[in-house]
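Letters A, B, ... mirror the listed sequences (proteins, then strands); counts begin at 1.
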Amino acid sequence: MIESMIDLLTRVVLIMEDGGSGKVVVLVDMDCFYVQVEKRLHPELKDKPCAIVQYNKWQGGSIIAVDYEARKYGVKRSLKGKEAKEKCPGIHLVQVPEKRRKADLSNYRKASGEVMKVLSGFTSVIERASIDEAFLDLTEPVKDYINSNSFDSLEFHADLKSTHVAGCNDDDDTHKDDCDLRISRGDWFKSSCSSDERVLIVAAILVQRIRETILNEVGFTCSAGISHNKMLAKLAAGMHKPNQQTILPQSQVDVVFSTTLLKKVRHLGGKLGEQVQDKLKIECVGQLQEYSLKVLQEKFGLKTGSWLYELCRGICHEKISNRIITKSIGCGKNFPGPSKLKTAKAVKYWLEQLSRELVERLEEDMTENTRQAQSITVHFLPEGQASSVARTFALPSYNTSLIVNNSWNAINKGHKPVTNEESHLTWTTGILNIHLSAGKFVQCGKGHMKSLLQLMSSDQECSFVSASSSHSSIITGKEVTQMTLCKEEREDAVLTTTPTITEQDQSLETSSMNITKFFTPIKRKGSLETQLDRNAKRREVVLEEIKGTLESDDDTIIDNQFEAVLCSECGEEVLKFVLEEHMDYHFALSLDKDSQIN
DNA sequence: AACTCGGTCACT
DNA sequence: GAGTGACCG
């Protein structure tokens with residue numbers, strides 16, 4: 001009786017101390033990720049100011065990533081390469097690889113996968129939040145760590161030099177020492193820390209271990225935020241970068257929020273944040289505490305109101321989903337201003353390029369994740385319209401022509417040509433953007449991969465599916481009886497297929513496995529690729545491409561492809577296996593000429 | 001004559 | 001379920 005009361009009281013205190021979450025949540029954020037990926041590939045760039053640009057013909061290209069050396073000079077995302085050179089003359093601008101005349105981000109996606117794989121060795125709950133960020137739920141690993149260690153043996157002298165505690169003003173030298181000493185000596189356990197801080201400091205020891213492992217196994221540094229929910233973890237991660245980590249305990253929320261700008265909080269960086277700022281005439285998150293729940297709900301709606309009310313007190317109920325692969329795979333391209341697509345020929349050309357990239361990525365995805373996309377959405381932005389239009393159609397098989405034709409029908413439908421000059425149409429208005437996105441993945445049933453691969457590679461007639469046709473016909477189709485819907489979709493499934501155990505289910509490790517990982521980090525086979533491995537892989541990729549082009553496995557034909565021929569257009573010597581791409585280039589040039597004439 | 005090219009989620 | 005739009009970097 002007494003014991004259960006004490007237990008209850010303890011739980012109440014715990015709830016008060018951690019804002020009611022009862023959880024340990026971490027955000028791992030790779031430092032200027034694209035730059036690190038390129039520097040791993042080109043080690044000579046290490047220690048030099050660097051930025052990554054997409055394309056470079058116009059104003060030196062658009063910057064999409066900047067390292068910390070170059071940031072000192074004021075170089076930032078969305079500047080042009082040219083502007084970066086002006087601010088930082090010594091900067092090295094690395095171009096994103098191009099394939100089929102468009103930016104190709106697959107190097108970065110693959111590197112992201114390497115990181116996610118390392119993370120999955122430490123906890124069973126991971127949410128890939130973007131290509132370079134993941135949330136981890138370390139609640140169980142922290143518990144396990146504490147339970148299986150007497151605190152005498154715990155690493156009181158753990159190297160936590162790169163760990164900060166938010167709210168202790170680290171820029172102020174007097175306070176800085178206090179924070180660092182408390183952690184490095186381990187005094188925290190004996191006295192001054194609340195229980196929530198203690199839990200977070202144990203988490204910090206684990207996160208330090210995770211970050212070291214990422215560095216050792218895949219060669220990237222990252223920063224991390226350690227707190228009780230996603231909002232606080234994300235905020236904390238941004239406080240000390242690069243290659244550092246920050247604890248944000250519930251006890252420091254008020255101090256931190258008194259100076260944290262509204263727009264720095266996740267989801268408040270856009271229009272909503274502006275609205276809140278304007279309607280309430282406030283600048284910092286903490287000031288939201290002065291408003292009652294009722295007032296906030298009146299001004300911003302029931303849901304957003306209560307979200308804001310809790311948010312400014314450090315409370316956030318956003319769930320951490322357990323997913324390290326994406327729910328959709330897409331690719332797109334802008335055709336701004338003069339490069340807008342004005343003819344059917346041009347639109348079809350780019351649909352072909354985008355479809356080829358998409359199918360290539362979907363096929364890799366099927367091999368890696370044993371799942372198949374069931375639908376495609378084509379987004380396009382007609383000139384003069386404020387926003388893009390989206391049309392969805394079924395994807396019964398990974399077939400480029402099917403995607404091109406259905407997309408073309410969708411785009412052409414509300415977009416009537418005004419003239420018809422010889423073989424190509426001219427529109428009054430152009431297309432400024434096209435994006436293709438595949439989704440609605442279903443898991444492939446085990447033991448049926450072979451038949452699926454055959455289905456995929458078989459040279460079947462392109463079966464047209466009108467934009468309006470329901471995808472239920474696919475769901476009732478034969479091939480789907482061999483699959484189960486993806487994990488997250490299963491609850492909604494009306495299908496009566498036999499449930500199979502998915503890869504995802506199997507990858508879920510028990511917490512007892514996690515603890516093993518923390519004590520004796522296991523070197524994962526294959527997680528650290530050698531340069532040799534990478535080269536071998538690249539050769540494979542090239543060979544696969546050639547095979548794909550030829551639709552043949554004959555090695556002698558492949559050998560012939562390394563012969564050079566003279567291009568009829570420009571007279572240059574071109575290897576046979578890149579001839580198709582080379583002719584694509586001339587075709588693209590001719591499209592450009594067309595658009596200048598029109 | 002241009003903040004790309006990805007992604008996720010909420011609302012209707 | 002489809003389409004639009006907000007938000008992130």
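Contacts of A:S130 with the nucleic acid, taken as non-hydrogen atoms under 4.0 Å apart, are absent. At a threshold of 4.0 angstrom between heavy atoms, the contacts of A:V96 with the nucleic acid are absent. Counting any heavy atom pair closer than 4.0 Å across all strands shown, A:K319 reaches no nucleic acid atom.
Comment: A:R100 does not engage A:E352 in a salt bridge, judged by the lack of any side-chain N to carboxylate O separation of less than 4.0 angstrom. Of the charged side-chain nitrogens involved, at least one lies within less than 4.0 Å of a carboxylate oxygen, so that A:R361 and A:E357 count as a salt-bridged pair. No salt bridge links A:K110 with A:E114; every basic N to acidic carboxylate O contact stays at or beyond 4.0 Å. The pair A:K263-A:E274 fails the salt-bridge criterion, with no side-chain N (NZ, NE, NH1 or NH2) lying under 4.0 Å from an Asp/Glu carboxylate O.
The distance between atom CG of A:L354 and atom P of B:dC5, rounded to the nearest whole Å, is 10 Å. Between A:K102 atom NZ and B:dC5 atom P there is a gap of 7 Å when expressed in whole angstrom units. As rounded to whole Å, 13 Å separates atom P of B:dC5 from atom CD of A:Q95. In this structure, OH of A:Y55 is placed 17 Å from P of B:dA2, rounded to the nearest angstrom. Whole-Å rounding puts the A:I63 CD1 to B:dC5 P distance at 15 Å. The separation between A:I64 atom CD1 and C:dC8 atom P is 19 Å, rounded to whole Å. Between A:E98 atom CD and B:dG6 atom P there is a gap of 12 Å when expressed in whole angstrom units. We find that CZ of A:R128 is positioned 7 Å from P of B:dG7, with the value rounded to whole Å.
Pairing each heavy atom of A:A224 with each of A:V207, the nearest pair is CB-CG1, 3.6 Å. Closest non-hydrogen pair, A:V285 versus A:V265, comes out as CG2-CG2, 3.6 Å. Listed here is the closest heavy atom pair of A:V389 and A:Q385: CG2-NE2, 3.8 Å.
Between the side chains of A:T392 and A:S375, not a single donor N or O lies within less than 3.5 Å of an accepting N or O. If you check the side chains of A:S223 and A:N243, you find no donor sitting under 3.5 Å from an acceptor. Between the side chains of A:H164 and A:Q245, not a single donor N or O lies within less than 3.5 Å of an accepting N or O.
Partner A:W350 forms a ring pair (Phe, Tyr, Trp, His ring centres under 6.0 Å) with one of A:F380, A:F335, A:W408 and no other, that one being A:F335.
For A:C331 and A:G337, each mapped to the nucleotide of DNA chain B holding its nearest heavy atom, the one lying further toward the 5' end belongs to A:G337.
Candidate nucleotides B:dC3, B:dT8, B:dG7 were compared by shortest atom distance to the side chain of A:K327, and B:dT8 ranks first. Residue A:T326 has its side chain nearest to B:dG7 when only C:dG9, B:dG7, B:dA1 are considered. Closest approach to the A:R77 side chain among C:dG9, B:dT8, C:dT4 is made by C:dG9 (side chain taken as heavy atoms from C-beta onward). Closest contact between the side chain of A:K333 and the listed nucleotides B:dC5, B:dG6, B:dC3 involves B:dC5. Side-chain proximity of A:S62 to B:dT4, C:dT4, B:dC5: nearest is B:dT4. Checking B:dG7, B:dC3, B:dC9 against every side-chain atom of A:R323, the shortest atom distance belongs to B:dC9. Between C:dG5, C:dA2, B:dG7, one nucleotide has an atom nearer to the side chain of A:K440 than all others, and that is C:dA2. Residue A:K234 has its side chain nearest to C:dC8 when only C:dG3, B:dC3, C:dC8 are considered.
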Could you write out each protein N or O paired with an N or O of nucleotides 10-12 of chain B at a distance under 3.5 Å?
none

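Phosphate contact (OP1/OP2 of B:dA2, side-chain N/O of A:N334, threshold under 4.0 Å): absent. Side-chain nitrogen and oxygen atoms of A:S388 include none within less than 4.0 Å of the OP1 or OP2 phosphate oxygen of C:dT4. Residue A:S437 places no side-chain N or O under 4.0 Å from the OP1 or OP2 atom of B:dG7. In this model, the phosphate group of B:dG7 is approached by a side-chain N or O of A:R109 to a distance below 4.0 Å at OP1 or OP2.
The ring of A:F33 has its center closer than 6.0 angstrom to the ring center of A:F220.
Between the P atoms of C:dG9 and B:dA2, the separation comes to 26 Å (whole Å).
The side-chain tip of A:K333 points at the ring of A:Y55 from less than 6.0 angstrom away and within 45° of straight on. Both the sub-6.0 Å distance and the 45° axial angle are satisfied by A:K230 relative to the ring of A:F135.
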(request) Using a 3.5 Å limit on both pairing distances, list the dot-bracket string of DNA chain B from the 5' end; Watson-Crick and G-U wobble pairs count, crossing pairs take [ ], interstrand pairs take |. (result) ....||||||||

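Near DNA chain C, defined here as any heavy-atom distance below 4.0 Å, the residues from residues 267-276 of chain A are A:H267, A:L268, A:G269, A:G270, A:K271, A:L272, listed numerically.
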